[in-house]
Amino acid sequence: MAEVLDKVYDPQRIENKWYEYWEAQGLFTAQADGQKPPFAIVIPPPNITGFLHMGHALNNTLQDILIRCKRMQGFDALWMPGTDHAGIATQNVVERMLAQEGQDRHKVGREAFISRVWQWKQESGGTIIKQLKRLGCSCDWSRERFTMDEGLSRAVREVFVCLYEEGLIYKGDYIINWCPRCQTALADLEVEHEPTDGYLYYIKYPLVDQEGSITVATTRPETLLGDTAVAVNPEDLRYLAYHGATLRLPVLERKIPLIMDPHVNPEFGTGALKVTPAHDFHDFDIAQRQNLPAVKALDEEGLMTEAAGKYQGLDRFVCREKILKDLKHDELLEKTEPYSHAVGHCYRCRTVVEPMISKQWFVSVQTLAEPAIAAVQEGRIKLIPETWEKSFFDWMTNIRDWCISRQIWWGHRIPAWTCQECGRVIVTREDPTSCPTCGVADLKQETDVLDTWFSSALWPFSTLGWPEDTPELRLFYPTSVLVTAFDILFFWVARMMMMGLHMMKEVPFREVYIHALVRDPEGQKMSKSKGNIIDPLELMNRYGTDAFRFSLSAFAAMGRDIRLSEDRILGYRNFVNKVWNASRFTLMNLGDYDPAREDDTPLSVVESWILSRLQQVKTEAVRHLETYAFDQAAHVLYQFTWHEFCDWYLEFIKPQLGNGATPSERHHTQRVLVEVLSAILRLLHPFMPFITEEIWHKLPGARGSIMVAPYPTPDQALHNPAAEAEMGLVMESIVAIRNMRAEMNVSPAASVSVLVFSQDRSPMEILEGHQQSVRLLARVQDIQFQPAGNPPAAAAKSVVMYSQGGSLDLVMPLAGLIDFKEEARRINREMDKLSRELAQAQKQLANEDFLSKAPPEVVERERERHQALTEKLGKLKSHEKRLRELVA
RNA sequence: GGGCGGAUAGCUCAGUUGGGAGAGCAUCGGCCUUACAAGCCGGGGGUCACAGGUUCGAAUCCUGUUCCGCCUACCA
């Protein structure tokens with residue numbers, strides 16, 4: 001017979017083929033016609049500057065599993081894809097390109113720069129999408145969106161104007177985080193605090209009108225140039241005498257007051273705090289309370305301002321050194337201590353950020369946060385696993401206003417205009433041409449753009465067509481589930497809740513599945529700087545996409561980070577190959593199979609058993625997928641496919657497919673085999689889409705893609721405990737015989753016979769009915785069944801218990817074949833184990849409390865166990881005794 | 001400082017209302033048994049971090065301790 005499949009599965013050969021096929025057939029496209037129940041997921045939009053990393057790979061594999069499963073289950077499944085314009089990140093990329101050409105954005109100008117970014121997006125922005133396709137993602141590409149496309153930009157504008165009109169967006173002077181390199185404000189979340197080794201400098205501020213000085217401690221001496229006070233705790237006795245004093249700011253000689261503020265911690269440093277309202281969050285608050293002026297000592301480029309006097313124009317870090325030198329010279333630097341503290345860095349470029357007072361746009365989040373908190377509390381949005389709820393509530397209740405303006409060019413430009421004549425601010429849906437107050441046409445648009453997360457916050461409804469009233473929006477909003485890692489829970493998820501609830505009056509998604517982070521084999525977070533990045537594409541090339549996907553799902557245990565282990569991926573690569581070869585075997589035996597032929601042969605016990613087990617597996621797999629226990633779903637399918645279907649079922653049915661079988665037997669066996677394999681392929685398809693599709697098309701009677709074949713559902717009528725018990729006995733007997741052979745070092749070629757003794761009719765008859773399988777799978781030449789009799793002493797012996805009652809003695813006469821001492825050792829090992837278990841059971845049953853308080857079924861089970869152990873141990877003991885006599 | 005998670009076989013990890021400790025890999029022994037050596041068969045290996053408590057019964061629930069990891073925070 002011609003080879004139906006190659007001997008080894010070659011992923012590269014077929015992956016592209018099937019992806020193109022799926023796309024060409026339009027199988028990813030949601031109908032949105034209301035004919036089927038909806039199921040929708042919006043993708044966390046990857047940055048257009050992005051390349052597929054492990055986090056993407058895991059996140060999108062899990063989404064694809066869910067969406068493929070739901071699609072097969074008959075839902076109108078929409079996986080809404082798209083990309084994020086990633087303001088700062090993208091602008092940085094294009095600016096770097098310009099730099100290489102000796103240009104910068106200011107020379108080029110705003111409009112030309114923006115079209116340059118669009119051009120870059122056109123040429124290089126699609127990489128991540130190609131990589132998602134490589135991963136097999138079944139996104140509805142016909143609906144792909146981009147946060148800067150026309151529709152989404154309209155949504156952004158609409159939301160901005162609405163919130164502004166409601167007074168929920170305002171512009172104000174406020175202290176924000178400023179990145180001197182990116183030249184923009186950053187939201188609190190965009191600042192990463194990294195522990196940094198620095199120094200704590202103790203600086204003396206001389207008193208005016210009296211002797212002495214007050215010493216303050218700081219990590220940033222250059223900011224003293226912006227100091228407008230020194231604060232001490234009102235309770236701090238050490239400074240009681242100085243209340244109301246005036247101090248002389250070192251170097252600048254400016255006079256500043258000593259004030260009292262309860263926020264100062266007397267325990268830290270000297271208990272005296274220099275107050276720099278323009279460059280410190282804490283100090284800003286103090287200044288607000290105490291009506292202190294703010295002096296801006298640093299400018300937007302991180303250079304010292306005019307207020308810094310002779311230090312004007314110096315870089316902040318150069319200035320720090322200079323000031324220290326001058327302080328030393330003036331003998332005002334008391335001491336310097338090494339000090340490690342958290343320093344804020346720009347999450348995009350790693351530059352040390354500078355807190356700075358600035359005029360920015362804010363979203364007032366308090367009123368938006370409350371409905372989001374309520375939605376989670378009331379269970380209208382479920383966070384899975386629930387453990388995240390606590391963090392969520394903590395964050396949401398302490399949330400500060402969201403700074404949404406960014407001083408960059410790439411993004412949604414804030415739709416606000418200022419009349420140059422009367423100063424009126426105009427925020428409208430359509431670009432204004434003249435001032436509604438004074439009528440002049442001299443209007444200037446805000447130059448800032450919006451934080452990228454502003455547009456992503458609208459993603460669940462903006463991608464569905466809002467503000468238009470589209471069929472998609474009506475059908476798919478609220479979406480079913482959001483799949484994401486916890487690192488963007490606050491950046492993105494919380495904001496989607498706020499915006500969705502406010503604009504749509506309805507939650508954006510009903511469930512949020514929060515998966516783990518992928519770490520390197522040592523448990524470290526993967527990062528460019530550590531150089532420990534593992535490239536998912538490389539793993540796909542090496543092991544195949546299906547194996548890679550299956551690995552990720554098998555790793556995805558709830559609430560625990562993933563340590564990437566290549567050994568395990570290799571193991572799942574082998575599993576994929578196993579599926580391939582089981583299918584290969586099946587197809588090799590289907591040459592003459594006619595699916596249309598009638599089959600009235602009843603199911604054999606083996607078939608009843610495998611079908612019964614299959615129903616159980618279907619139930620478990622679906623249950624695990626519905627609770628996002630991807631690892632358990634994968635595990636159940638792995639175990640069943642490999643260790644039940646391949647290891648046992650296929651071996652059992654080989655004779656029924658061989659020459660000895662009648663045509664109708666053979667046909668019947670083929671029919672059931674195809675049925676089971678078909679179910680396995682469909683169950684596995686969401687995890688390993690490519691290989692299952694390839695095999696699916698080779699199955700007899702193949703019709704269309706496996707993607708739209710029904711996902712298996714359990715058939716209770718096939719549940720068959722009797723067949724499972726019966727096959728349990730058969731398999732245990734085979735294992736027992738194999739064990740005796742292996743342990744006794746009986747060569748596989750050696751011919752052995754087995755005698756089966758038992759007083760119990762039922763297990764005896766069962767095994768007798770399966771003697772062909774026993775012969776074949778345990779490599780036994782001759783097998784005899786004896787209700788009673790005297791087994792030979794020169795033999796190995798095993799006792800197999802039948803779960804429905806009774807037992808079998810399997811005796812392998814081995815005169816001349818074995819060393820009896822060896823058999824005695826084997827028996828003793830087993831008896832030891834049994835004795836220990838028996839002792840345990842005895843202790844339990846001797847315990848009055850156990851008997852009276854434990855549930856009756858537990859007690860009953862313990863009794864049965866005790867009896868079985870006693871019986872088995874007794875039989876082995878007498879065998880062992882006879883062996884001893886024989887040796888003696 | 002606050003919060004969260006983890007500690008189970010040599011390694012990576014499961015263990016779903018508390019009721020006979022599991023998988024994969026590794027290891028040891030034996031097999032080219034006509035789907036698969038990326039395979040088949042069999043074996044060995046664990047005081048479930050430590051100390052208490054609740055319970056007839058604890059890897060599982062409670063308290064405390066130790067050691068890791070993460071998130072968060074304005075102690076300058």
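This structure is a prediction, so every number in the text was calculated from the model and none was measured. In the text below, chain A, chain B and the rest are named by the order of the sequence lines, each starting its count at 1.
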What I want to find out is whether A:Glu848 reaches A:Lys853 closely enough, with some N-O distance under 4.0 Å, to be called a salt bridge.
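Salt bridge absent between A:Glu848 and A:Lys853.
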
Do A:Lys335 and A:Glu337 meet the salt-bridge criterion of a basic N to acidic O distance under 4.0 Å?
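Answer for the salt bridge query: yes.
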
Tell me, with the steps shown, if A:Lys274 and A:Thr276 meet side chain to side chain donor-acceptor pair (under 3.5 Å).
CA-CA 6 Å; A:Lys274 61 190 274 310; A:Thr276 323; 3.0 Å; yes

Take atom [atom1] in [N] and the same atom in [M], then report the distance between them in whole Å.
{"N": "B:rC50", "M": "B:rG45", "atom1": "C1'", "value": "23 Å"}
{"N": "B:rG20", "M": "B:rA26", "atom1": "P", "value": "31 Å"}
{"N": "B:rC71", "M": "B:rG18", "atom1": "C1'", "value": "32 Å"}
{"N": "B:rU12", "M": "B:rA7", "atom1": "P", "value": "12 Å"}
{"N": "B:rA23", "M": "B:rG42", "atom1": "P", "value": "13 Å"}
{"N": "B:rU66", "M": "B:rC56", "atom1": "P", "value": "32 Å"}
{"N": "B:rG5", "M": "B:rU16", "atom1": "P", "value": "16 Å"}
{"N": "B:rA14", "M": "B:rG22", "atom1": "C1'", "value": "7 Å"}

Stems in RNA chain B: runs of 3 or more consecutive Watson-Crick or G-U pairs, distances under 3.5 Å?
B:1-7 with B:66-72, B:10-13 with B:22-25, B:27-31 with B:39-43, B:49-53 with B:61-65

Nearest-neighbour nucleotide for the A:Thr387 side chain, B:rC74, B:rA76, B:rG5 considered
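The closest nucleotide is B:rG5.
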
Closest to the A:Arg865 side chain: B:rG20, B:rA76, B:rU12?
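Closest nucleotide among those given: B:rG20.
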
What string of B, S and - do you get for nucleotides 31-43 of chain B, 5' to 3', if B is base contact, S is sugar-phosphate-only contact and - is no contact with any protein heavy atom under 4.0 Å?
--B-BBSBSSSSS

Atom [atom1] of [X] to atom [atom2] of [N]: distance rounded to whole Å?
{"X": "A:Glu192", "N": "B:rU72", "atom1": "CD", "atom2": "C1'", "value": "13 Å"}
{"X": "A:Lys390", "N": "B:rU72", "atom1": "NZ", "atom2": "P", "value": "16 Å"}
{"X": "A:Phe268", "N": "B:rA76", "atom1": "CZ", "atom2": "P", "value": "5 Å"}
{"X": "A:Ile514", "N": "B:rG5", "atom1": "CD1", "atom2": "P", "value": "13 Å"}
{"X": "A:Lys274", "N": "B:rA76", "atom1": "NZ", "atom2": "P", "value": "12 Å"}
{"X": "A:Leu489", "N": "B:rG3", "atom1": "CG", "atom2": "P", "value": "19 Å"}
{"X": "A:Glu354", "N": "B:rC74", "atom1": "CD", "atom2": "P", "value": "15 Å"}
{"X": "A:Tyr572", "N": "B:rC25", "atom1": "OH", "atom2": "P", "value": "9 Å"}

Any base atoms under 4.0 Å from [X], or only sugar-phosphate, or nothing? Heavy atoms, all strands.
{"X": "A:Gln639", "answer": "sugar-phosphate"}
{"X": "A:Glu862", "answer": "nothing"}
{"X": "A:Phe392", "answer": "nothing"}
{"X": "A:Ser391", "answer": "nothing"}
{"X": "A:Val216", "answer": "nothing"}
{"X": "A:His624", "answer": "nothing"}
{"X": "A:Arg623", "answer": "base"}

Mark yes or no: A:Lys654 above the aromatic ring of A:Phe585, with NZ or CZ under 6.0 Å from the six-membered ring centre and no more than 45 degrees from the axis.
yes

Which atom pairs link the protein and nucleotides 56-58 of chain B when you take only N or O atoms and keep those under 3.5 Å?
| from | atom 1 | to | atom 2 | distance (Å) |
| --- | --- | --- | --- | --- |
| B:rC56 | OP1 | A:Lys853 | NZ | 2.7 |
| B:rC56 | O2' | A:Asn847 | ND2 | 2.9 |

Decide whether [X] and [Y] meet the rule of one side-chain donor and one side-chain acceptor closer than 3.5 Å.
{"X": "A:Glu694", "Y": "A:Tyr9", "value": "no"}
{"X": "A:Asp401", "Y": "A:Tyr174", "value": "no"}
{"X": "A:Gln616", "Y": "A:Glu620", "value": "yes"}

Tell me if the aromatic rings of A:Tyr543 and A:Phe548 count as close, with their centers under 6.0 Å from one another.
no

Please report whether the ring centroid of A:Tyr199 lies less than 6.0 Å from that of A:Tyr339.
no

So which one's nearest nucleotide on RNA chain B is more toward 5', A:Leu200 or A:Ala554?
A:Ala554

Nearest-nucleotide comparison on RNA chain B, the residue closer to the 5′ end among A:Asp567 and A:Glu837
A:Glu837

Heavy-atom side-chain contact between A:Met740 and A:Val752 under 4.5 Å:
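Side chain of A:Met740 against side chain of A:Val752, heavy atoms only: no contact under 4.5 Å found.
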
A:Glu862: what forms a salt bridge (charged side-chain N to carboxylate O under 4.0 Å, His left out) with it, not counting sequence neighbours?
A:Arg865

Go through it in stages, so that I can follow the logic: the residues are A:Val512 and A:Thr484, the test is side chain to side chain contact (heavy atoms under 4.5 Å, CB included), and I'd like the CA-CA distance, side-chain angles, deciding distance and then a yes or no.
CA-CA 7 Å; A:Val512 182; A:Thr484 184; 4.1 Å; yes

Please tabulate, one pair per line, all N/O donor-acceptor pairs under 3.5 Å involving side-chain atoms of residues 830-837 of chain A, not counting sequence neighbours.
| from | atom 1 | to | atom 2 | distance (Å) |
| --- | --- | --- | --- | --- |
| A:Ser835 | OG | A:Met831 | O | 2.7 |

Checking A:Asp487 now: which residues fulfil side chain to side chain contact (heavy atoms under 4.5 Å, CB included) with it, not counting sequence neighbours?
A:Ala485, A:Leu517

